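Data block below; observations after.
Quick caveat, the model's predicted, so the values are computed rather than measured.
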Amino acid sequence: MYLSKLPINTLKEVPADAEVVSHQLMLRAGLIRRLASGLYTWLPLGRRVLHKVERIIREEMDRAGALEISMPVVQPAELWQESTRWDAYGPELLRIKDRHQRDFCLGPTHEEVVTDIARNELKSYRQLPVNYYQIGTKFRDEIRPRFGVMRAREFVMKDAYSFHLDEESLLEGYRVMREAYKRIFDRLGLEYRIVQADTGAIGGSRSEEFQVLAASGEDVIAYCDEDGFAGNVEIVDLPPPNTPRPAPSESMTLVETPGVGSIEALASFLGVPPEKCLKTLLVRGTESPAVALYLRGDHELNAVKAQRLPGVATPLTMLRPAEVEALGSVAGFIGPVGLDIPAYVDQYAVPLADFVCGANRADYHYRGVNWDRDVKLPEVADLRNAVAGDPSPGGGGKLSIARGIEVGQIFQLGDKYSRAMGATVLDAEGKPRIMQMGCYGIGVTRVVAAAIEQNHDERGIIWPDPIAPFDVIVIPINMDKSEQVRKATEETYAKLRDAGFEALVDDRPQRPGFKFADADLIGIPHRVVISDKGLDEGRCEYKSRRSPDVEMVPLDSISEVIAARRRG
RNA sequence: CGGGGUGUAGCUCAGUCUGGUAGAGCACUGCGUUCGGGACGCAGGGGCCGUAGGUUCAAAUCCUAUCACCCCGACCA
């Protein structure tokens, strides 16, 4: 491909509303353009990368025995009502009506549709197991789309669904997919970690996520190098603390704390550490208007754990200030003393003695508060997020914390959908059996962003070889003037193509520096510069995007040189 | 959903406070010079100043409404 025929509009300046590098570089390199919030057009260069990612995924899915299908983006409400997710999914499910006023939605995922297919197409245990997959567009009406293609509303996903006669087969299918995913992410050149995960809106029993390690990641993962444990902090169960509660040594006193409505402010105002404070969170309840959750001041509530508690409404919803006042308290000054509502206390807040907490009165806190003596200890639960240094659930040591971008997730669904939708096959005895299901997703568009987060420098993107939009860029110097350069460029291009490389020739009438800068920005892994200087010795210049070194190589061996330096 | 912010050329942004001919840089077009790390000169094209009302002799600028986008928060006790 000649650049004179491929309009790329690179930007020198960083677009104002892009905050993470991958988003900035994708915009600057002309991979994507924003159409509306969370909606992006993929321009030629970006689309090529997407194709490469899709191809690798397709090859590995096929190798693992999965069958490619294609399901509609628009789905009828009936199917979602059958699985009960029409009501359960929430506002992320974009609902639309057709001209006959019939309800439809834009598919955020395809369990319902694929289960419908399976129950109609699969009749006998002899046909199982089957794994259907597709690569296609999903729509989720995200509460806050951000980071460009990383959390978009419309995105490309590879989703696969496996159907099994029994759990044993499901486990085997899950294992096969897990291996396929490892191959995929290895081939994509990503540094990732497999972590235990919450099953969320999809449901099912066991689930793992493939997390690409990146500081800009939205997920927090906890891992322990000693015992091999790795999990999304959402699901890390913490063992109970083994510290005893000291005896009370202070008496409970009311202190004036004007305008001090946060733990941080409270700690500095009173000169006590946050871990000596008790934070009170009020959330909606199912049996009562509110449920109180008590945590140590330096700990964070874990929403997944809180939602599991009996009496706590799902999704977890914090009370608004007006609702707090209706309960006789004041936002910013809530505390357990005199608050007569259902409550849970985090196990790590139980050993607190002589602690500080809100007085349920504007601008006042209590200090010297003690469980049992001043306020009854509520039911104890595991409520908080793990932090670095916590004991690992694996039993072998302390947890470390890292950030990750979730690029894939695999689930053992069980019979959640197949039971609700009556997806059965006849077993060897001729009796109907509900199929066991697994489901397996990869965020294809997100993989592109994640790859950039892990592979860039101050000049631009550095594509891993397997997903680069082009393998090599040929930059002729002074092609307009030098017939020698023009000829060598055309010959080199043909030679590279014959050797199986996707080559891009920058034949634009620009100065060399301009072309080098663009080549670096769009991140083509291998660069060949052709100039009179080199041609006089029968050589051209080779440079890898990953290395600062340039080397002069014989013109007729350039294909071999690149082949030798290519990875993956 | 709550709070904050921003809407002026394709992009980055001035101009708005204090109403009076719509600007700069980048990008784009033409010509010339230049030609190994985002060149320079000259000449150009391009804006319903988000939208709708209002105030005024006069509105990008003041007022009202509305829409869009961005950020923060929703973990604050």
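Ring orientation note: the planes of A:F355 and A:W371 are tilted relative to one another, at an angle of 30° to 60°.
Counting non-hydrogen atoms under 4.0 angstrom, A:S329 reaches nothing in the nucleic acid. Contacts of A:L278 with the nucleic acid, taken as non-hydrogen atoms under 4.0 Å apart, involve only primed sugar atoms and P, OP1 or OP2. Across all strands, A:R144 comes closer than 4.0 Å to base atoms (heavy-atom distances). A:F514 comes within 4.0 angstrom of a base, heavy atoms only. Base contact: A:R527 has a heavy atom under 4.0 Å from a base atom. Looking at heavy-atom distances under 4.0 Å, A:N360 makes no contact with the nucleic acid at all. Note on A:N385: a base of the nucleic acid sits closer than 4.0 angstrom, heavy atoms only. Using a 4.0 Å heavy-atom criterion, one finds that A:G332 contacts the bases of the nucleic acid, with or without backbone contacts as well. Heavy atoms of A:L27 sit nowhere under 4.0 angstrom from any nucleic acid atom. In this structure, A:K279 reaches the sugar-phosphate backbone alone: every heavy-atom distance under 4.0 Å involves primed, P, OP1 or OP2 atoms, never a base. Nucleic acid contact class of A:L266 (heavy atoms, under 4.0 Å, all strands): none. Among the heavy atoms of the strands lying under 4.0 Å from A:E541 is at least one base atom, whether or not backbone atoms are also near.
The nearest whole Å value for the distance from the CD1 atom in A:I477 to the C1' atom in B:G36 is 5 Å. Rounded to an integer number of Å, the gap from CG of A:D518 to P of B:A27 is 11 Å. When rounded to the nearest whole Å, the span between CE of A:M150 and C1' of B:C70 equals 17 Å. Counting to the nearest Å, the P atom of B:U29 and the CD atom of A:Q510 are 9 Å from each other. Atoms CD (A:Q307) and P (B:A74) sit 15 Å apart, rounded to a whole Å. A:E300 places its CD atom 9 Å from the P atom of B:A74, with the value rounded to the nearest Å. The distance between atom CG of A:L316 and atom P of B:C76, rounded to the nearest whole Å, is 13 Å. Between the CZ atom of A:F516 and the C1' atom of B:A39 there is a distance of 15 Å, rounded to whole Å.
Taking the ring axis of A:Y223 as reference, the NZ or CZ atom of A:R193 stays within 45° of it and closer than 6.0 Å to the ring centre.
For the C1' atom pair drawn from B:G19 and B:C31, the interatomic distance equals 42 Å after rounding to whole Å. When the P atom is used for both B:U55 and B:A60, the distance is 16 Å, rounded to whole Å. For the P atom pair drawn from B:A9 and B:G5, the interatomic distance equals 22 Å after rounding to whole Å. Across the P atoms, B:A77 and B:A65 are found 34 Å apart, a figure rounded to whole Å. Here the separation of B:A14 from B:G54, taken at their P atoms, is 31 Å to the nearest Å. Between the C1' atoms of B:U8 and B:A68, the separation comes to 15 Å (whole Å). Nucleotides B:U66 and B:G20 have their P atoms positioned 28 Å apart, rounded to a whole Å. Rounded to a whole angstrom, the distance from the C1' atom of B:C17 to that of B:U61 is 9 Å.
The shortest heavy-atom contact between A:E560 and A:D556 is OE1-O, 3.7 Å.
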Could you check A:D363 against A:T257 for side-chain hydrogen bond (donor to acceptor under 3.5 Å, both in side chains), going step by step and ending with a plain yes or no? CA-CA 5 Å; A:D363 300 334; A:T257 50; 6.0 Å; no
Between A:Y344 and A:L383, does a side-chain contact (heavy atoms from CB on, under 4.5 Å) hold up when you go through it step by step?
-> CA-CA 8 Å; A:Y344 292 94; A:L383 291 180; 4.3 Å; yes
Next item on the list: Any chance you could lay out the side-chain hydrogen bond (donor to acceptor under 3.5 Å, both in side chains) test for A:Q196 and A:S207, step after step, and finish with the verdict?
Entry: CA-CA 6 Å; A:Q196 292 175 32; A:S207 176; over 6 Å; no
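B:G36 makes up no base pair with any nucleotide shown, lacking Watson-Crick or G-U wobble contacts both under 3.5 Å. Partner assigned to B:U64 is B:A52, using Watson-Crick or G-U wobble distances below 3.5 angstrom. In this structure B:C42 sits in a base pair with B:G30, meeting the Watson-Crick or G-U test at under 3.5 Å. For B:C1, the paired base is B:G73 (Watson-Crick or G-U wobble, both distances below 3.5 Å).
Judged by distance alone, the side chains of A:H299 and A:Y348 never bring a donor and an acceptor atom under 3.5 Å apart. A side-chain N or O of A:S249 and one of A:D354 form a donor-acceptor pair less than 3.5 Å apart.
Here B:C35 is the nucleotide among B:C69, B:C35, B:A74 with the atom lying nearest to any side-chain atom of A:R511. In the set B:A77, B:C72, B:G38, the nucleotide with an atom closest to the side chain of A:R28 is B:G38. Looking at the side chain of A:K12, the nearest of the listed nucleotides B:C35, B:A77, B:A27 is B:A27. Distance from the side chain of A:A517 is smallest for B:G38 among the nucleotides B:C35, B:G38, B:C70.
Considering A:V49, A:I461, A:I522 in turn, A:V49 is the only one that fulfils the side chain to side chain contact (heavy atoms under 4.5 Å, CB included) rule with A:P469.
Applying the salt bridge (Lys or Arg N to Asp or Glu O under 4.0 Å) definition to pairs two or more places apart or across chains, those involving residues 291-301 of chain A are A:R296-A:D298.
If A:S262 and A:D520 are placed on RNA chain B by their nearest nucleotide, the residue sitting closer to the 5' end is A:D520. Take the nearest nucleotide of RNA chain B for A:I334 and for A:K515: the residue whose nucleotide is more 5' is A:K515.
Here A:P108 pairs with A:W80, A:Y89, A:L93, A:R140 under the side chain to side chain contact (heavy atoms under 4.5 Å, CB included) rule; sequence neighbours left out.
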5' to 3', nucleotides 8-16 of chain B under a 4.0 Å protein heavy-atom cut-off (B base, S sugar-phosphate only, - none) gives ---BSS---
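Here A:T280 does not reach the OP1 or OP2 of B:C76: none of its side-chain N or O atoms lies under 4.0 Å away.
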